S.K.: 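Let me begin by handing over the structure; questions about it come next.
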2 protein chains.
Amino acid sequence: MELQEIFEIFSANDNFTILTHKSPDGDTLGSGFALCYYLRSIGKCANVLNGDEFPGRYGFMYEQYQAQDFEERYVIAVDIADPNLIGSKLARYQQEGAVDLCIDHHISNKHFAKKTYVDAKASAAAMIIYEILKAGSAKISDLMAKCLYTGIATDTGCFKYENTTPKAHLIAAELMAYDIDYANVNRQMFDVKSRARMEVEQIVTSNMKYYFDGKCSMITLTKKLMEECGADQAEFDGLASIPLSVEGVQIGITVKERHTDYYKISVRTTDKLDASQFCKQFGGGGHIRAAGCEIKGTLEEVEKALLDGVEKLF
Amino acid sequence: MELQEIFEIFSANDNFTILTHKSPDGDTLGSGFALCYYLRSIGKCANVLNGDEFPGRYGFMYEQYQAQDFEERYVIAVDIADPNLIGSKLARYQQEGAVDLCIDHHISNKHFAKKTYVDAKASAAAMIIYEILKAGSAKISDLMAKCLYTGIATDTGCFKYENTTPKAHLIAAELMAYDIDYANVNRQMFDVKSRARMEVEQIVTSNMKYYFDGKCSMITLTKKLMEECGADQAEFDGLASIPLSVEGVQIGITVKERHTDYYKISVRTTDKLDASQFCKQFGGGGHIRAAGCEIKGTLEEVEKALLDGVEKLF
């Protein structure tokens, strides 16, 4: 499918439901709301749906948004690679044939929709939405531009990660022609933390242990520690990058207690080591710099198994 | 002066000294080394000088660099707004007429050199160096591109801050055509911390206090606390952004003991409050979102004075 072809689908149809993926992030929501606001701007009916709540940090995207009442006739999934990511509360859309069009940037896309447009080179789905709108010379509002910028910025770690392409920068430059208050968006997305999260990170770093001349670091999150901390379980997500953020560390390991004697392991590595290879020996896998596995045993056994594995690397 | 005119200075002269500012950052060094490597590539003699040591984090810029032995004939200052920033160890260059050309992006530039090129709209001096080289169709090496990218990335907080322009993104996109390993550069510049710094941040956040329903937060660094921590004094720099990183905080204050009963105050605000205005009442000043002042008195007196000032804001 060409970009122009997708753009024409927007004009040719009406009463759109736009699906965003569960545990929504800035890209799925930024893509979804930008598309929704565009469709509404040309007189179409459109809603954005999510199986979970919209997180407060993306409030600017939906504070003016009101769900519309209409009989759905066309379903678009954005940034959704797999029907499972639609989430159980929207299970009706997981059935075959339920989604008319899927716009995505994951190479792993399952092609579950009737029509699928995947650009695996795009750093974010928001880049594809922008290109579709541009292909159709669509009028882009400031709010749409802000949603799209947020999608690109959040999926690239503010243009920091390897998935940042020259095109991501070029589109960011174009979106800055709109009134998007990008510095404030970036502050909210990247610098601001809840007080609970701040405390969690503090506890985690104070418990970090170093091995092999500081080339390996490990944090261990036991149920007891997490309960004592009193913060929401969600505040313990996304901590896996912390062990690798210490100078000299080549492999950072996060050990999280799931059940008694059952641990979930997240591994992050610098370009010197292969995280996926490391996790394979424990039956896990993932990407070269970020991988995971699960290990059964007491905490001591799990830590020992991991450190034995690390020792082989050096 | 036109960009092309500056480019011609490079060809017309030889035996260059390139001055970078004291407490060197990624922009002054990235600009300086990129320019130095360019001059050497066209058969000129050139050295990069700094009154301080080159910090290890920028090691990739100078690991292949060797100082050349020649009789200096042309002096270029990069990213230096004021002769004071040359540093006392290079005091000979602070004298009038010592610097032939200054290339800078600070609006406050003192025009101390014989020729000055200031583009205050540039997010980084490295952007100007790139534009000069481009104006002259200069051949840019991978290492030069990497130095320039680093200058732009570090001065914009990886394209996060308000000073990021569309042009910063466009130039980043062009520099990514070279082999610059930007993801690794960004990891080193923005994600990696020394173990000592990690500990300092942990101590600082654990001592953070909140006032006025969490709209104000304050960290206090006494000499005693800093000594107990055992880390280098330098590890206590740049902590001022931490109080403002907590959700809901509109004014973040860092109080640092200089001498007995003498405190240096750093203030950071969100777009709701004016940091410069706030600091003026204590005889200080600065920018609208980042300002500072100095207050004499006991710690209790200083904290009370600050909180009285904050109370008036709400």
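Residue numbers start from 1 in every chain, and the chains themselves are labelled A, B, ... in the order their sequence lines are given, proteins ahead of strands. Atoms considered below: every heavy atom in the structure, side chains included; atoms not considered: hydrogens, waters and symmetry mates. It should be emphasised that the depicted structure is a prediction, and the values quoted were computed from it without experimental measurement.
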S.K.: Is it the backbone or the side chain of I171(A) that comes under 4.5 Å from a heavy atom of chain B, or both, or neither?
M.R.: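 Answer is neither: I171(A) stays 4.5 Å or more from chain B.
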S.K.: Do any N or O atoms from the side chain of S123(B) and from the backbone of N163(B) form a donor-acceptor pair under 3.5 angstrom?
M.R.: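 The answer is yes, because a donor-acceptor pair under 3.5 Å joins these two groups.
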S.K.: With a strict 4.5 Å heavy-atom criterion, list every residue of residues 182-194 of chain B that contacts chain A, or say none.
M.R.: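 At a heavy-atom separation under 4.5 Å, chain A is reached by Y182(B), A183(B), N184(B), N186(B), R187(B), F190(B), D191(B), V192(B), K193(B), S194(B).
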S.K.: Between E228(B) and K224(B), is there a salt bridge with N-O shorter than 4.0 Å?
M.R.: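 Salt bridge: yes.
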S.K.: Would you please name every residue forming a salt bridge (charged side-chain N to carboxylate O under 4.0 Å, His left out) with E227(B), sequence neighbours left out?
M.R.: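 Salt bridge (charged side-chain N to carboxylate O under 4.0 Å, His left out) check on E227(B) returns nothing, list empty.
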S.K.: Between D237(B) and K256(B), does any side-chain N to carboxylate O distance fall below 4.0 Å?
M.R.: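 Counted as a salt bridge, because a side-chain N and a carboxylate O are separated by less than 4.0 Å.
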S.K.: Have Y130(A) and E174(A) got a donor and an acceptor in their side chains that come within less than 3.5 Å?
M.R.: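 There is such a pair (donor and acceptor under 3.5 Å, judged by atom type) between the side chains of Y130(A) and E174(A).
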S.K.: Taking R197(B), E199(B), M208(B), R195(B) one by one, which has the highest count of heavy-atom pairs under 4.5 Å against chain A?
M.R.: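 When all of R197(B), E199(B), M208(B), R195(B) are compared, R195(B) has the most.
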S.K.: State whether the side chain of R268(B) and the backbone N or O of A275(B) hold a donor-acceptor pair below 3.5 Å, judged by distance alone.
M.R.: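 Looks like no, no N/O pair under 3.5 Å.
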S.K.: If we define contacts as heavy-atom pairs under 4.5 Å, which of H169(B), M198(B), R57(B) has the most with chain A?
M.R.: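 Ranked by contacts with chain A, first place is H169(B).
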S.K.: How would you list, by chain and number, every residue that makes a side-chain hydrogen bond (donor to acceptor under 3.5 Å, both in side chains) with E63(B), sequence neighbours excluded?
M.R.: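 side-chain hydrogen bond (donor to acceptor under 3.5 Å, both in side chains) list for E63(B), sorted by chain: empty.
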S.K.: Decide side-chain contact (heavy atoms from CB on, under 4.5 Å) for F236(B) and V200(B); before the verdict, give the C-alpha distance in whole Å, the side-chain angles of both, and the deciding distance to 0.1 Å.
M.R.: CA-CA 7 Å; F236(B) 292 92; V200(B) 163; 3.8 Å; yes
S.K.: Could you look at I203(B) and say if it's the side chain, the backbone, both or neither that has a heavy atom under 4.5 Å from chain A?
M.R.: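 Contact with chain A: none, neither part.
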S.K.: Are there more than 12 heavy atoms of other residues, nucleotides or ligands under 6.0 Å from atom NZ of K167(A)?
M.R.: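 Open.
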S.K.: Any residues in residues 246-254 of chain B near chain A, with a heavy-atom distance under 4.5 Å, and which are they?
M.R.: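 The list, in residue order, reads V246(B), E247(B), V249(B).
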S.K.: Do any N or O atoms from the side chain of T156(A) and from the backbone of K160(A) form a donor-acceptor pair under 3.5 angstrom?
M.R.: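 No.
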S.K.: Given that the side chain runs from C-beta out, which part of T164(A) has a heavy atom under 4.5 Å from chain B: side chain, backbone, both or neither?
M.R.: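 When you check distances to chain B, atoms from both the backbone and side chain of T164(A) fall under 4.5 Å.
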S.K.: Looking at E162(B), I want to see if its CD is surrounded by more than 12 non-hydrogen atoms of other residues, nucleotides or ligands under 6.0 Å.
M.R.: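 Not more than 12 within 6.0 Å, no.
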S.K.: Relative to chain A, which segment of I242(B) carries a heavy atom at a distance below 4.5 Å: side chain, backbone, both, or neither?
M.R.: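 The answer is both parts of I242(B).
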S.K.: Aromatic rings Y62(B) and F54(B): how do their planes relate, parallel, tilted or perpendicular, breaks at 30° and 60°?
M.R.: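 It falls in the tilted class, 30° to 60°.
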